[in-house]
Protein chains: 2
Amino acid sequence: MVAMTYDPNAYPRFAVTADLVVFTLRDGELCVLLIRRGVEPYAGKLALPGGFTGPDEDIEAAAYRELQEEVGVGPEDVVLEQLRSYGTPQRDPRMRVVTVAWLALGANLPEPTAGSDAAKALWMPASKVLRRPKQLAFDHAQILRDGLDRARAKLEYSTLATAFCPEEFTVGELREVYEAVWGLQLDPRNFHRKVTGAEGFLIATGERTTRGGGRPAMLYRAGKADDLYPPILRATQ
Amino acid sequence: MVAMTYDPNAYPRFAVTADLVVFTLRDGELCVLLIRRGVEPYAGKLALPGGFTGPDEDIEAAAYRELQEEVGVGPEDVVLEQLRSYGTPQRDPRMRVVTVAWLALGANLPEPTAGSDAAKALWMPASKVLRRPKQLAFDHAQILRDGLDRARAKLEYSTLATAFCPEEFTVGELREVYEAVWGLQLDPRNFHRKVTGAEGFLIATGERTTRGGGRPAMLYRAGKADDLYPPILRATQ
DNA sequence: ACAAAAGTGTTTGTGTTACACCCATGT
DNA sequence: ACATGGGTGTAACACAAACACTTTTGT
């Protein structure tokens, strides 16, 4: 990149794709959107949604576009963050592809039949998929693994968990997010104190709901903070 | 990436580069390796070392190769980890380039005159560079910023700091790493207790040194742990 | 009345901070 | 003797875990 002369044909050219690890909660389980491949290579296997970046398209814009085309959701429905890039020479047998992988989190994302390209898309529990990593095409098992690790880690020290919640939610619903992503049971009483005490995490709306049964619960909206202090720790190890 | 037909010419082609944020400590300051550009665009400006990925080269291998060519150090001298990718369409005015940025940390890295390509390379204090971000070419100020943020964050909950230390080091030398990267003064007594108490962080060699002056200090080697528990926290905010 | 979930209070233990103090070397 | 940095001890405090207990709804 330094001290090179300009000749567009003198340098190797790669295809650049955007692959998405899209997580949502369904029935208290963390689910990932996968697509059943119809063509070779890896025909019949499952793959992460994704596609090529256009010649004049920002790599982040490509991720949002794929999200719209393959998942049927817009930027306002999800939180998107870059995961990492994967570029082993033989990761796609057809050509040299470098993929930029993205993590997308949303609440109540729709059944994928809505999108046009997404006829063969389905939500699967992430833990179940990772128990049989070989059913995934390309290096997508590794990408999914990395995406899950990232999501789990970020719940601790960021407010990312609210991305899995609707506009207004209860502390109990937020706890279900943590329990689903971490695969752990948390003490409802200590959890309540922690999240309501973390500066900028939750904003009380003043309203209550009984939708979970039991005593009516306060409704909250996500606060402005991005980082959590103090963090919500997973375990004292 | 899904349900596409194979035609190598049907997809946009990008140049893919590896850019490096190489940090080392010099005189107790966190320094980054920069290269003075001799040609347009951005002639005369400073840039991160980096270069094109070869057609059959792994993206990580490209990073290690650039490290060897432009910094003159091999894989055994540094810790390398992927930072993130940058691919705004106009980030390089000559052509469409997606760069995968890497963070490289090492102890006592050499003056860059040794490498052949690196005649115009120099170490500069990272904080000084970021005070005038406009002196950097391309989007390299953003990449450096992200690299510094990552390094600072990882000192808290990983054993990454030992990457800045020689094979054997004292607790005081390790503390200087934290102080240089965070730009803070730490209490030597509490720091000592924390790092010697963190499981798998340090292995005592049984030897002592007086190289820092004062009472002889125990020498340690880096332990096998990657994650720190408990973490070394930056501030109670 | 009872189940269920929300929310508060309390105890106990662990980790952090701030700082007094002693240790072992070089000059 | 003194300066310098290494290292231990300790009290005050913040936070987390565990759990008893009260509150407010639906059935």
Side-chain angles (χ1 to χ4, degrees), chain A residues 27-28 155-157 165 168-180 182 184-221 225 227-237, chain B residues 27-28 155-157 165 168-180 182 184-221 225 227-237:
Chain A
D27 304 319
L155 289 205
E156 289 196 287
Y157 56 88
C165 293
E168 299 195 344
F169 53 91
T170 67
V171 171
E173 287 160 359
L174 185 63
R175 178 167 46 81
E176 283 167 13
V177 171
Y178 277 85
E179 292 179 334
W182 285 348
L184 295 172
Q185 290 293 108
L186 300 175
D187 185 305
R189 299 158 292 187
N190 291 333
F191 182 84
H192 186 279
R193 229 190 322 254
K194 282 196 213 183
V195 298
T196 54
E199 185 88 22
F201 195 8
L202 302 181
I203 297 171
T205 64
E207 281 162 46
R208 295 174 172 279
T209 180
T210 60
R211 63 185 178 225
R215 170 174 165 180
M218 198 71 181
L219 279 168
Y220 293 89
R221 208 188 306 280
D227 293 324
L228 270 187
Y229 190 85
I232 314 292
L233 297 174
R234 218 176 317 185
T236 176
Q237 192 167 43
Chain B
D27 303 320
L155 290 205
E156 289 196 288
Y157 56 87
C165 294
E168 299 196 341
F169 54 90
T170 67
V171 171
E173 288 160 358
L174 184 63
R175 179 167 45 80
E176 284 166 14
V177 171
Y178 277 85
E179 292 180 332
W182 285 348
L184 295 172
Q185 290 292 108
L186 301 175
D187 184 305
R189 299 158 292 186
N190 291 333
F191 182 84
H192 185 280
R193 228 190 321 254
K194 283 197 214 182
V195 297
T196 53
E199 185 87 24
F201 195 7
L202 302 181
I203 298 170
T205 64
E207 279 160 48
R208 295 171 172 278
T209 179
T210 61
R211 64 185 177 222
R215 169 173 165 180
M218 199 72 181
L219 278 169
Y220 293 89
R221 209 187 307 280
D227 294 323
L228 270 186
Y229 190 84
I232 315 291
L233 297 174
R234 215 177 322 187
T236 173
Q237 194 170 38

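Note on naming: letters A, B, ... go to the chains in the order of the sequence lines (proteins, then strands), and numbering restarts at 1 for each one. All figures in this text were calculated on a predicted structure; none of them were measured in a lab.
When distances are taken from the side chain of A:K194 to each of D:dA16, C:dT16, D:dT24, the shortest belongs to D:dA16. Of the candidate nucleotides D:dG7, C:dG7, D:dA18, D:dA18 has the atom nearest to the side chain of A:D187.
Nucleotides of DNA chain D nearest to B:G212 and A:T210 differ in position, and the one nearer the 5' end is that of B:G212. Taking the nucleotide of DNA chain C with the nearest heavy atom to each of B:P230 and B:R208, the more 5' of the two is matched to B:P230. Projected onto DNA chain D by closest heavy-atom contact, B:E173 and A:G214 fall at different nucleotides, the more 5' of which corresponds to B:E173.
Nucleotide C:dT16 holds its P atom 11 Å from the CG atom of A:L233, rounded to whole Å. Taking atom CD on B:E176 and atom C1' on D:dG6, their separation rounds to 13 Å, with Å as the unit. In this structure, the CG atom of A:L219 is 17 Å from the P atom of D:dT24, given to the nearest Å. Going from atom CZ of B:F191 over to atom C1' of C:dT16 covers 14 Å, rounded to whole Å. Regarding B:F169, its CZ atom lies at a distance of 20 Å from the P atom of D:dG5, rounded to whole Å. For the pair A:L184 CG and D:dA17 P, the computed distance is 11 Å after rounding to whole Å. Distance CD (A:E179) to P (C:dA5): 12 Å, rounded to an integer number of Å. B:R193 has its CZ atom 11 Å from the P atom of D:dT10, to the nearest Å.
Under the 4.5 Å side-chain criterion, counting only non-hydrogen atoms from C-beta, A:L219 is in contact with A:R211. In this structure, the side chains of A:L186 and A:I232 stay at 4.5 Å or more apart for every pair of heavy atoms.
The neighbour count for B:E199 CD, taken as heavy atoms of other residues, nucleotides or ligands under 6.0 Å away, does not exceed 12.
No hydrogens or angles were tested; on distance alone, nothing pairs the side chain of B:R215 with the base of C:dA24 as donor and acceptor under 3.5 Å. Taking 3.5 Å as the limit, the base of C:dA20 and the side chain of B:R189 contain a donor-acceptor pair of atoms between them.
Note: A:Y157 and B:Y157 have parallel aromatic rings, judged against thresholds of 30 and 60 degrees for the angle between ring planes.
Regarding contacts with the backbone of D:dG7, a side-chain N or O of B:H192 is found under 4.0 angstrom from either OP1 or OP2. For A:R175, a side-chain nitrogen or oxygen approaches OP1 or OP2 of C:dA6 to under 4.0 Å.
Side chain of A:E156 to backbone of A:R234: a donor-acceptor contact under 3.5 angstrom is found.
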